[in-house]
Amino acid sequence: MNRLNINLPGLDLKNPIMPASGCFGFGREYSQFYNLDVLGAIMIKAATLEPRFGNPTPRVAETSAGMLNAIGLQNPGAHKILTEELPWLDQYDVPVIANIAGSQEDDYVETARIISQAANVHALELNISCPNVKTGGIAFGTIPDVAKQLTRKVKEVSAVPVYVKLSPNVSNIIEMAKSVEDGGADGLTMINTLIGMRLDLKTGKPILANSTGGLSGPAIKPVALRMIYEVSQKTKLPIIGMGGIQSAEDVVEFFYAGASAVAVGTANFVDPFVCPTIIEKLPSLLDKLGIEHISECTGRSWKRNEQPVNHRA
Amino acid sequence: MIRKELCEVIRQTEIADSIFEMTVKGEMVKDIRTPGQFVHVKAAGGYDPLLRRPISISSIDRSKNELTMIYRKEGRGTGLLSEKKTGEAIDILGPLGNGFPLDEAKTGETALLVGGGIGVPPLYELSRQLKAKGVKVIHVLGFQTKDSIFYDSKFESLGETYIATADGSYGAMGFVTDVIRELKLQFDVVYACGPTPMLRAIEQNYQDKKVFLSLEERMGCGIGACFACVCHTTDDPKGFSYKKVCSDGPVFRAGEVVI
C-alpha cells in the first residue's frame, strides 16, 4: 500500500516531497545524483517572459542555521524553458510545478500561457513573493487586491491549476491567502523567504551585492509552521508547505501545521540526496508515530477530535 | 562522478600562519580528473554553519586514495574544520568543477604558474603533473607577509620559484605581476589562481599567450543548481549568457568570462 500518495488539484503525487523552486534548477544537476522519478514533483526555477541575468555577485551569504540569497530570478526566459528544459524533464515520470514570475501583470499572464502548455507541467506556482527583484514580484505579494487581481488574470489563461506562493513579509498573511482564494487560486505554497541582510565585519557594508536577500533554511521553519497553521484554518485551499525542511520529522511537522505536501529547498544545497533520503525515511517514521497514511497528519495541530477516545486523559 | 562521502582525516597541520593542510582518505580521489578541481566540505554537523565550504585540492595520492587540501582559517566554518583530528570523519562532496587543462602545455614548453595567497594550493598538483610530462615549470607566488608563506620549498623542488610579499618581509616586495615583468620571465602558457585583481592583471598583460585562470566566488550548492556563482561571458558582457564558476569553471581560458 502506498502510504505517501497525495492528490491535489492537478497533481497526482506518488509522495508529497518535492524540491522547491530555485533550489533545484531544472533538475539536470541533481539527475547526476539520483533518478528524479523518486520525487513526488519538481518545482522548477522561476520563469519570466524574457531572459534575466539576475543580480551582481555576491548573491549568497550565510547566517546561523540559514542562508541569504539574492539571485534575482536568473532564467533563460519562458520560451527556452518550454523548448529546452521542460522537454528534457519529460523523460521522468514526475509532474512539474512551474514557478512563474514577472514585473507586471501582462508578463505573468503571458508566461503562464506559454509555460502551462507543456504536457509535463501539471500546475503553476505563481511567484508573487520574490524579495530580490526591483519591480513586481513582492509588490504583487503584499497588497491583497493586487494579488487577487493577478491570480484571476493568470487563472483565465492557465491550462493547469494555479498555486500562489505567499510571502511571509506581510503583516497579515491570512488576508493575503483569502484574497488569492477569492481570485480563484487552486492552492497555496508557503512560505517564500524572509527578507534579511548580513554586513561585512571589515568593510561595514552589506555582503550581498543586492544589500538584502531572502532568508531560507532551518532558521525560518518556526515562522513557516506558524503561518501554515494560521492560514490552513482560514482557507479551504490545500497548502504545499516549505521553509527549512531538512528531515522526515520536519515533513510531518509541516503536515501537522496544515500542509498537504511539502517542498525542500536550501537542504538540497547541503545534501544533494536530501529529497530521496526523506522519502525513504517517511514510512518508518509513520510506523513509529502510529500513522497509517501521511494525509492523516494534515492539520492535526488544530483539528478537533483527532485523538482516539482511549488516548484521552 | 561526484560523490558525497564521509572521508577520514589522515592528518592536519598548520603549515603557516592560519594556513592549514589537511589530508583525507576517500573513494572520490579516483574521480579527480585535473588539478584545480575542488571539494565542497561540511565543516561540522548541525546548522551552524549550514552550507558547505569550497576548498581547492592541493595534491592527490591515487595509490592511497588520499587528497590534500590547503585552506585559510578565516570564519566559523574553516575554524571548525581546523579543529578536526586524525581519524575523524568529514562529509565531503566532490570532486567538483573543471581544473587546469594540462594538454595546453606541450612537452618541452615552459609553463608559468602564478599564485596569490590561498590561490597557491591547486598550483602544486598542477606543477607536479606538468613536470611529470616534461613541461618546464616556473612559479611566481605572492603572499601577504613572511609568516603566511607555505610550500615554497616544495615548489622549488619542482622548478624555479619566485616569492613576493605585499609587505616586503620576504622575497620581492609587491605584486607577482611586478616580479614577472622585472625578471623578464619567458614562457608559453600561464596558469593562475588568486585574487581577482591579480587575475585581471595577468589577463591584460599576456593577451598573446595561452592563459588559464581559476576564479573564486561565493558558492551555494557547488554543483551548478543555485546560480549563486554566475559570471558574464566576454562575448556578451551585458547580456544573458553566463558561466557558473562552480560547474563550468572554476578554471576558464582568459577572455572567456568577465572577471
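We name chains A, B, ... by the order of the sequence lines, and we start the count at 1 in each one.
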- Could you tell me whether Glu88(B) atom CD has more than 12 heavy atoms of other residues or ligands within 6.0 Å of it? yes
- Note on the structure: Between the CZ atom in Phe33(A) and the NZ atom in Lys4(B), the distance rounded to the nearest 0.5 Å is 10.0 Å
- Message: If I measure from the heavy atoms of chain B, does Ile207(A) come under 4.5 Å with its side chain, its backbone, both, or neither?
- Response: side chain
- Message: Restricting to non-hydrogen atoms, name the atom on Ile223(B) and the atom on Glu29(A) that form the minimum distance, rounded to 0.1 Å.
- Response: O-CG, 3.2 Å
- Item | Cation-pi geometry met for Lys45(A) and Phe227(B) (6.0 Å, 45°) | yes
- Message: Please classify the contact between Ser241(B) and chain A as side chain, backbone, both or neither, with a heavy-atom cut-off of under 4.5 Å.
- Response: backbone
- Query: CG/Leu50(B) to OG1/Thr63(A) distance, rounded to the nearest 0.5 angstrom?
  - Reply: 10.0 Å
- Message: Within the supplied structure, the quantity of interest is the number of heavy atoms (other residues, nucleotides, ligands) at a distance under 6.0 Å from Gln32(A) CD; does it exceed 12?
- Response: yes
- Evaluate the ring planes of Phe53(A) and His232(B), with Trp represented by its six-membered ring, and classify them as parallel (under 30°), tilted (30 to 60°) or perpendicular (over 60°). parallel
- Minimal heavy-atom distance between Cys226(B) and Ile71(A), with the atoms involved, is O-CD1, 3.3 Å
- Check whether Met1(B) gets within reach of chain A through its side chain, its backbone, both or neither, counting any heavy atom under 4.5 Å. neither
- Task: Measure Gln246(A) against the heavy atoms of chain B and call it side chain, backbone, both or neither at under 4.5 Å.
- Result: side chain
- Would you say Asp31(B) has more than 12 foreign heavy atoms packed within less than 6.0 Å of its CG? yes
- Message: Could you tell me if the side chain of Val60(A) sits less than 4.5 Å from the side chain of Met219(B), heavy atoms only?
- Response: no
- Whether over 12 other heavy atoms sit under 6.0 Å from Lys25(B) NZ: yes
- Glu85(A), CD: over 12 other non-hydrogen atoms inside 6.0 angstrom: yes
- Item | Backbone of Pro58(A) reached by a side-chain donor or acceptor of Arg218(B) within 3.5 Å | no
- Message: Counting only non-hydrogen atoms closer than 4.5 Å, does Ile2(B) touch chain A with its backbone (N, CA, C, O), its side chain (CB onward), both, or neither?
- Response: both
- Please say whether more than 12 non-hydrogen atoms of neighbouring residues, nucleotides or ligands are located less than 6.0 Å from CD in Glu27(B). yes
- Item | Contact winner vs chain A - Arg3(B), His40(B), Arg52(B), heavy-atom pairs under 4.5 Å | Arg52(B)
- Message: Nearest 0.5 angstrom please: Phe24(A) CZ to Cys221(B) SG, how far?
- Response: 11.0 Å
- Assert top hit (heavy-atom pairs under 4.5 Å, partner chain B, pool Pro76(A), Gly66(A), Ala267(A)) equals Gly66(A)
- Please indicate whether Lys146(B) has more than 12 foreign heavy atoms, meaning atoms of other residues, nucleotides or ligands, lying under 6.0 Å from its NZ. no
- Task: Run the salt-bridge test on Arg53(B) and Glu62(A) with the 4.0 Å N-O cut-off and return the result as yes or no.
- Result: yes
- Query: In Å, rounded to the nearest 0.5 Å, how long is the span from CG of Asp91(B) to CG of Asp271(A)?
  - Reply: 7.0 Å
- Between Pro51(A) and Phe240(B) the two heavy atoms that sit nearest each other are O-CE2, 3.1 Å
- Message: Please rank Pro272(A), Gly25(A), Ser64(A) by heavy-atom pairs under 4.5 Å with chain B and give me the top one.
- Response: Ser64(A)
- Could you look at Phe26(A) and say if it's the side chain, the backbone, both or neither that has a heavy atom under 4.5 Å from chain B? neither
- What is the distance from atom OH of Tyr47(B) to atom NZ of Lys221(A), rounded to the nearest 0.5 Å? 6.5 Å
